[in-house]
Novice: 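One structure, as structure tokens, below. Some questions next.
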Amino acid sequence: MKKKLALLLVTAMTVSGLVACGKSEAPTQEAAAPAQEEAQAEDEAAVAEDETPEQEEAAPAADGELITVGFAQVGHESDWRAANTKNYQDTFSAENGYELSFVDCDNDHAVQIETVRGFIEQELDYICIAPIQSAGWDTVLQEAQDAGIPVLIVDRAVDADPSLYTTALGCDMIAEGEAAGNWLAEYLGDKEANILVIEGSVGASATLGRTEGFDNILSQHDNWTKLDSQSGDFTQAGGQEVMESFIKTYGQGGFNVVVCQNDNEAYGAMDAMDAAGITYGVDGDVQIISFDATHDGLQYTLDGKITCNVECNPLQAGFAEEVIKKLEAGEAVDAWTLVKDEAFVAPGIESQYAVTMSQEVLDGRAY
Ligand code: GZL
Ligand code: ZN
């Protein structure tokens with residue numbers, strides 16, 4: 001795609017919100033819902049479309065060449081990330097008409113900024129960024145815009161003026177945190193909660209949003225106490241390390257809820273509690289709340305080890321491709337697409353906020 005054509009198209013975008021359900025089958029689009037403030041739509045609700053971003057025939061650029069797409073990925077810290085990476089590599093393949101420049105930025109913000117600068121120097125047609133942290137993006141986004149390269153902010157959000165990028169897509173992390181809190185309130189009734197939180201990577205919108213959302217609910221319960229929160233960096237090792245230090249500090253019986261901001265942290269926390277002889281799960285002393293609802297995370301939920309697991313669907317590349325196809329066709333694009341989430345709970349638990357796990361629910365999952 002010629003640069004100046006891209007620049008022309010980028011400014012022709014409308015703003016509206018599309019909501020894609022995070023279900024295991026191909027996401028469908030429903031009426032718009034309020035999105036994360038970073039990507040707040042400036043316009044009325046979208047006209048919900050009923051088609052989903054299926055894998056249609058290849059999308060060769062107008063001039064027949066492959067469309068070049070740069071993807072600055074967070075890293076390889078979690079199972080969720082691995083599923084998200086595979087989804088982008090499967091979607092932006094040569095047979096689909098793309099040349100993907102994929103860079104694993106290894107959870108290093110400075111590397112990610114330089115990666116984007118490299119994409120700009122290579123004059124790629126499009127740049128996708130899954131931002132490791134929300135802050136520090138204005139300068140390089142301005143450089144991409146000056147170079148006439150449309151930027152798609154994917155998965156996580158940036159704390160930057162939305163006019164600096166073409167579109168944003170991903171989850172409402174605040175809603176995910178609130179879903180966890182609402183379920184806990186329903187589950188506990190008027191019982192007290194002594195809560196430990198293993199947070200995600202420092203400065204990531206997933207961490208900031210899930211923390212904010214959960215705290216919105218926590219503040220409504222004066223018999224809930226957040227004893228401590230530390231970052232486990234979205235990794236299993238991080239989750240285990242933080243849980244071990246929590247156990248040293250608060251000891252057996254000192255806490256009854258552990259919120260892990262992703263499944264890999266939950267696996268580490270379970271290892272630490274096993275080693276300390278602390279029981280968890282529906283028949284245990286400690287209830288674990290996790291996020292991501294990856295396959296293994298939902299297996300643990302089905303097994304009653306993780307009591308509540310809030311989904312975040314990693315299969316989002318179809319929405320990024322949809323934006324690129326529209327830009328290639330000279331169509332206006334949406335300012336944001338929100339991937340709606342749902343939550344899951346262990347068998348035997350009925351909830352207005354979550355789906356009760358079963359083997360068929362697990363078998364029906366796409367990741
Ligand atoms: C959420 C995503 C988070 C996952 C983690 O959209 O950004 O990053 O929850 C991953 O597993 O590390
Ligand atoms: Zn989600």
Side-chain angles (χ1 to χ4, degrees), residues 20-22 27 35-36 38-39 71-88 104-109 112 128-135 137 152-159 168-180 197-214 231-240 242 259-269 288-298 300-301 306 308-320 336-344 367:
C21 166
Q36 302 175 44
E38 290 88 358
F71 182 24
Q73 175 61 297
V74 167
H76 50 276
E77 73 290 349
S78 70
D79 297 358
W80 188 101
R81 188 64 52 198
N84 182 252
T85 289
K86 181 177 183 314
N87 184 231
Y88 272 84
D104 170 336
C105 299
D106 199 18
N107 238 6
D108 183 326
H109 174 67
Q112 193 165 48
C128 294
I129 305 169
I132 291 165
Q133 63 178 55
S134 301
W137 284 99
L152 293 77
I153 302 295
V154 300
D155 171 25
R156 297 182 184 166
V158 293
D159 188 8
L169 62 96
C171 299
D172 183 341
M173 313 293 184
I174 296 174
E176 291 175 3
E178 289 178 344
V197 181
I198 303 178
E199 293 188 351
S201 303
V202 176
S205 66
T207 304
L208 300 169
R210 289 171 186 163
T211 300
E212 181 181 339
F214 186 79
S231 170
D233 214 11
F234 283 136
T235 66
Q236 179 162 347
Q240 179 167 351
V242 170
V259 179
C260 303
Q261 289 190 343
N262 86 330
D263 283 334
N264 294 83
E265 291 177 343
Y267 310 154
I288 298 175
I289 295 173
S290 186
F291 291 83
D292 282 356
T294 56
H295 184 275
D296 292 355
L298 285 183
Y300 280 113
T301 309
I306 291 174
C308 174
N309 204 326
V310 179
E311 176 195 33
C312 187
N313 186 341
L315 309 183
Q316 303 178 359
F319 291 101
W336 55 277
T337 302
L338 194 68
V339 181
K340 254 176 80 78
D341 299 300
E342 60 182 334
F344 299 86
Y367 59 92

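One-based numbering, in listed order, for ligands and for the atoms of each.
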Novice: Please walk me through it: do Phe214 and Val310 pass side-chain contact (heavy atoms from CB on, under 4.5 Å)?
Specialist: CA-CA 12 Å; Phe214 186 79; Val310 179; over 6 Å; no

Novice: Which ligand 1 atoms does Glu77 reach within 4.0 Å, using its non-hydrogen atoms?
Specialist: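 Those atoms are 8 (O), 10 (C), 12 (O).
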
Novice: Mark the output for Cys312 as yes if a heavy-atom distance to ligand 1 is under 4.0 Å, and as no if none is.
Specialist: yes

Novice: Should you measure from each heavy atom of Ser78, which atoms of ligand 1 turn up under 4.0 Å away?
Specialist: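 Selected atoms, number and element: 5 (C), 10 (C), 11 (O), 12 (O).
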
Novice: Do Asp155 and Arg81 sit within salt-bridge range, that is, some charged N less than 4.0 Å from a carboxylate O?
Specialist: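 Judged by the 4.0 Å cut-off on N to carboxylate O distance, Asp155 and Arg81 do form a salt bridge.
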
Novice: Is any side-chain heavy atom of Phe319 closer than 4.5 Å to one of Leu152?
Specialist: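 They are not in contact (no side-chain heavy atoms under 4.5 Å apart), so the answer is no.
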
Novice: Short list, please: which atoms of ligand 1 are under 4.0 Å from a heavy atom of Met173?
Specialist: 1 (C), 6 (O)

Novice: Quick check for you: to the nearest 0.5 Å, what is the distance between Thr301 atom OG1 and Asp296 atom CG?
Specialist: 10.5 Å

Novice: What heavy-atom pair brings Glu265 and Asp233 nearest, and what distance separates the two atoms?
Specialist: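 In this case the closest contact between Glu265 and Asp233 is OE2-N, 3.4 Å.
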
Novice: Find the distance between CD (Gln261) and CZ (Arg210) and round it off to the nearest 0.5 Å.
Specialist: 7.0 Å

Novice: Compute the shortest N/O to N/O distance between Asn262 and ligand 1 and return yes if it is under 3.5 Å, no if not.
Specialist: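 Yes, since at least one N or O of Asn262 sits under 3.5 Å from an N or O of ligand 1.
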
Novice: If you take the nearest heavy atom of each of Asp292, Asn264, Asp341, which one is closest to atom 9 (O) of ligand 1?
Specialist: Asp292

Novice: Measure Arg210 to ligand 1 on non-hydrogen atoms and call it side chain, backbone, both or neither using the 4.0 Å cut-off.
Specialist: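 Only the side chain of Arg210 comes within reach of ligand 1.
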
